[in-house]
Protein chains: 2
Amino acid sequence: MGCANGYPGGVDDDATPERIRALPSWLLARAALRAQRTVAAHLEDAGMRRQHYTVLATLEERGSASQAALGRALGLDRSDLHAIVTALEEDALVTRERDPEDRRRNAVRLTAKGRRALARLQTRIDAAQTELLAGLSATDRRELLRLLDLLVAAG
Amino acid sequence: MGCANGYPGGVDDDATPERIRALPSWLLARAALRAQRTVAAHLEDAGMRRQHYTVLATLEERGSASQAALGRALGLDRSDLHAIVTALEEDALVTRERDPEDRRRNAVRLTAKGRRALARLQTRIDAAQTELLAGLSATDRRELLRLLDLLVAAG
DNA sequence: ACAGCAACGTTGGCGATACCAACGTAGCAG
DNA sequence: CTGCTACGTTGGTATCGCCAACGTTGCTGT
């Protein structure tokens with residue numbers, strides 16, 4: 001009668017209840033947290049955050065983009081993008097100039113240094129994804145991407 | 001030559017680049033954000049947050065638990081759990097007493113009112129999950145749970 | 001018996017993230 | 001030229017996960 005709940009071992013308190021562990025929103029939060037920590041750890045000694053990478057990658061694809069366009073493409077707020085571009089500009093990874101064709105906009109462009117930094121970041125990002133998905137087969141990885149994409153697209 | 005990138009339409013700037021959209025960590029973050037917003041919206045007029053639900057649900061399963069045990073079961077920090085239990089106690093949903101068998105611990109227990117509140121919360125949580133997974137078939141939902149569980153267990 | 005170590009709860013604080021409100025400026029449509 | 005809209009900028013808010021420190025309590029080894 002020593003154990004209040006009738007468990008023999010006793011260390012069962014550390015286990016997440018099935019009721020919670022079967023909750024999609026909880027699992028998503030947990031998995032995303034792990035993903036975030038993994039990516040952050042891989043980018044740490046590069047002094048970058050994950051949004052810096054996504055902005056640089058988008059710029060490499062677009063060539064030039066306004067901050068508002070970057071925000072819409074990446075789901076970021078204008079104010080947050082302002083801070084990100086400012087940081088990248090201070091590191092000379094991007095340039096920010098008034099768009100001559102629409103002087104409301106800032107034309108943000110990748111510099112040569114930015115392009116090199118992006119290449120280095122890409123390596124780290126790839127390593128983080130590999131570590132994150134280490135327990136999944138190739139088929140499972142594809143399935144995961146498909147299902148997550150469904151969820152994101154429905155948003 | 002009007003369009004810098006050769007796109008005819010022009011509203012393509014709002015689309016997330018494939019390079020980003022195929023990134024597991026990014027998809028996880030986006031999907032988790034949507035899940036979080038959906039749950040929060042469903043719990044909003046109940047004046048509760050999602051961690052309140054998980055704590056209440058764990059207590060219903062365990063009967064009694066210390067704050068540290070709740071933290072380990074749910075992946076929450078001691079300090080955060082303190083705030084949660086305090087809030088639940090103020091609403092008389094749980095009681096917090098010194099555990100007579102180990103006076104370092106607090107024995108947190110569900111009250112009758114807490115049990116009723118949990119039942120109401122469960123309805124809202126279920127509705128949120130339904131809304132979240134609306135675009136997925138039953139098979140897809142099972143697959144998603146399995147894959148997310150793999151990711152979380154590997155953490 | 002006692003000293004040292006570990007666990008617990010509590011308090012206070014930090015950094016990252018997502019979001020919102022307001023403002024001035026610039027383009028655009030009626 | 002008069003609204004309306006988009007844009008960038010600034011500043012502020014709320015949540016969340018995490019960490020450090022402290023006093024109390026239990027356990028263990030000597």
Side-chain angles (χ1 to χ4, degrees), chain A residues 10-11 13-14 25-26 28-41 43-44 47-55 64-72 74-87 89 94 96-108 155, chain B residues 10-11 13-14 25-26 28-41 43-44 47-52 54-55 64-87 89 94 96-108 155:
Chain A
V11 211
D13 289 355
D14 295 15
S25 58
W26 189 85
L28 273 170
R30 281 279 123 192
L33 184 59
R34 177 159 110 82
Q36 154 62 13
R37 272 195 304 224
T38 305
V39 168
L43 295 186
E44 190 180 22
M48 294 261 165
R49 291 197 289 261
R50 62 194 221 278
Q51 307 290 25
H52 294 180
Y53 163 75
T54 58
V55 166
S64 167
S66 71
Q67 296 174 193
L70 288 170
R72 282 188 300 265
L74 296 172
L76 297 176
D77 191 80
R78 291 207 291 264
S79 56
D80 299 319
L81 233 117
H82 176 264
I84 295 171
V85 172
T86 299
E89 191 184 25
V94 304
R96 171 159 56 179
E97 301 169 347
R98 271 251 128 61
D99 187 335
E101 293 183 359
D102 185 342
R103 305 222 322 280
R104 291 171 302 179
R105 302 181 183 175
N106 282 343
V108 185
Chain B
V11 210
D13 288 355
D14 294 17
S25 58
W26 189 85
L28 273 170
R30 281 279 122 193
L33 185 60
R34 178 159 110 80
Q36 155 63 11
R37 274 194 304 223
T38 305
V39 169
L43 295 185
E44 190 180 21
M48 294 262 165
R49 291 197 288 262
R50 64 194 219 279
Q51 308 290 25
H52 295 181
T54 57
V55 167
S64 167
S66 70
Q67 295 174 194
L70 288 171
R72 282 188 300 265
L74 296 171
L76 297 176
D77 191 82
R78 291 208 290 266
S79 57
D80 299 318
L81 230 107
H82 177 263
I84 295 171
V85 171
T86 298
E89 190 184 27
V94 304
R96 169 159 55 178
E97 301 167 347
R98 271 255 125 63
D99 188 335
E101 294 183 359
D102 186 342
R103 305 219 325 280
R104 289 172 302 181
R105 302 181 182 175
N106 282 344
V108 186

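Keep in mind the model is a prediction, meaning the values are calculated, not measured. Here is how names work: the chains are called A, B, and so on, in the same order as the sequence lines, proteins then strands, and each is numbered from 1. Just so you know, these numbers use all the heavy atoms, side chains as well, and skip hydrogens, waters and symmetry mates.
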Novice: Regarding C/dC19, can its base be found pairing with the side chain of A/D80 as donor and acceptor, where the two atoms are less than 3.5 Å apart?
Specialist: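 Looking at the base of C/dC19, it does pair with a donor or acceptor on the side chain of A/D80 (distance under 3.5 Å).
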Novice: Nearest whole angstrom, please: distance from the P of D/dA14 to the CD of B/E44.
Specialist: 14 Å
Novice: Kindly say if B/R49 contacts the phosphate of D/dT15, meaning a side-chain N or O under 4.0 Å from OP1 or OP2.
Specialist: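 Yes, because at least one side-chain N or O of B/R49 sits under 4.0 Å from OP1 or OP2 of D/dT15.
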Novice: Describe the nucleic acid contact of B/R37 in one word from base, sugar-phosphate, nothing, applying a heavy-atom distance below 4.0 Å.
Specialist: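 Counting heavy atoms under 4.0 Å across all strands, the contact made by B/R37 is with sugar-phosphate only.
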Novice: Ignoring hydrogens and angles, tell me if any N or O in the side chain of A/N106 forms a donor-acceptor pair with the backbone of A/V108 under 3.5 Å.
Specialist: no
Novice: Can you check the A/L74 CG to C/dA18 P distance for me, whole Å?
Specialist: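 The answer, rounded to whole Å, is 11 Å.
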Novice: Determine the sole option in A/R78, A/H82, A/R96 for which the side chain to side chain donor-acceptor pair (under 3.5 Å) test with A/Q67 is passed.
Specialist: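 The single option meeting the side chain to side chain donor-acceptor pair (under 3.5 Å) with A/Q67 is A/R96.
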Novice: Which whole-number value in Å describes the distance from B/M48 CE to D/dC16 P?
Specialist: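 Going from CE in B/M48 over to P in D/dC16 covers 14 Å.
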Novice: Are the side chain of B/R30 and the backbone N or O of A/G155 linked by a donor-acceptor pair below 3.5 Å?
Specialist: no
Novice: If I take atom CG in residue A/D99 and atom P in nucleotide C/dA26, what distance separates them, rounded to the nearest angstrom?
Specialist: 14 Å
Novice: Would you please confirm or rule out a distance under 4.0 Å between OP1 or OP2 of C/dG9 and any side-chain N or O of B/H82?
Specialist: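 No, B/H82 has no side-chain N/O under 4.0 Å of OP1/OP2 on C/dG9.
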Novice: Heavy atoms under 4.0 Å, any strand shown: does B/S79 hit a base, just sugar-phosphate, or nothing?
Specialist: base
Novice: What is the distance from CG of A/N106 to C1' of D/dC7, rounded to the nearest Å?
Specialist: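 For the pair A/N106 CG and D/dC7 C1', the rounded distance is 8 Å.
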Novice: Is A/Q51 near enough to C/dA16 that one of its side-chain N or O atoms lies under 4.0 angstrom from OP1 or OP2?
Specialist: no
Novice: Starting at CG of B/L81 and ending at P of D/dC16, how long is that distance when rounded to a whole Å?
Specialist: 13 Å
Novice: Check side chain to side chain contact (heavy atoms under 4.5 Å, CB included) between A/A31 and all other residues, then give those that pass, not counting sequence neighbours.
Specialist: B/L28, B/L148, B/L151, B/V152
Novice: Ignoring backbone atoms, establish whether A/Q36 has a side-chain N or O less than 4.0 Å from OP1 or OP2 of D/dG17.
Specialist: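 So the side chain of A/Q36 is outside the cut-off, no N or O lying under 4.0 Å from OP1 or OP2 of D/dG17.
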Novice: Check whether any side-chain heavy atom of B/Q51 lies under 4.5 Å from a side-chain heavy atom of B/L76, and answer yes or no.
Specialist: yes
Novice: Measuring to OP1 and OP2 of D/dA6, would you say a side-chain N or O of A/R78 lies under 4.0 angstrom away?
Specialist: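 False: A/R78 side-chain N/O out of range (4.0 Å or more) of D/dA6 OP1/OP2.
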Novice: Among C/dT17, C/dG9, D/dT10, which nucleotide has an atom closest to any side-chain atom of B/A68?
Specialist: C/dG9
Novice: Can you check whether B/R103's main-chain N or O pairs, donor with acceptor, with B/R98's side chain at less than 3.5 Å?
Specialist: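 At least one qualifying donor-acceptor pair exists.
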Novice: OP1 or OP2 of D/dT9 sitting under 4.0 Å from any side-chain N/O of A/R98?
Specialist: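 So the side chain of A/R98 is outside the cut-off, no N or O lying under 4.0 Å from OP1 or OP2 of D/dT9.
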Novice: Would you mind telling me which residue lines up with the more 5' stretch of DNA chain D, B/D102 or A/R105, judged by nearest nucleotide?
Specialist: A/R105
Novice: Using whole Å, what does the distance between atom C1' of nucleotide D/dC7 and atom CZ of A/R103 come to?
Specialist: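 Value for this atom pair: 13 Å.
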Novice: Can you find a side chain N or O atom of A/R72 that sits less than 4.0 Å from OP1 or OP2 on D/dC7?
Specialist: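 For A/R72, the contact criterion (side-chain N or O under 4.0 Å from OP1 or OP2 of D/dC7) is met.
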Novice: Name the residue closer to the 5' end of DNA chain D, choosing between A/A69 and A/L33 according to the nucleotide with the nearest heavy atom.
Specialist: A/A69
Novice: How is A/D77 classified with respect to the nucleic acid when contacts are heavy atoms under 4.0 Å: base, sugar-phosphate, or nothing?
Specialist: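 Base contact - A/D77 has a heavy atom under 4.0 Å of at least one base atom.
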Novice: Please report the distance, rounded to the nearest Å, between CG in A/L43 and P in C/dT17.
Specialist: 10 Å
Novice: Could you please name the option among C/dG12, D/dG8, C/dA26 that lies closest to any side-chain atom of A/R104?
Specialist: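 Taking heavy atoms from C-beta onward, the closest nucleotide is C/dA26.
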Novice: Between B/Q67 and C/dA7, does any side-chain N or O lie under 4.0 Å from OP1 or OP2?
Specialist: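 It does not, given that no N or O in the side chain of B/Q67 lies less than 4.0 Å from OP1 or OP2 of C/dA7.
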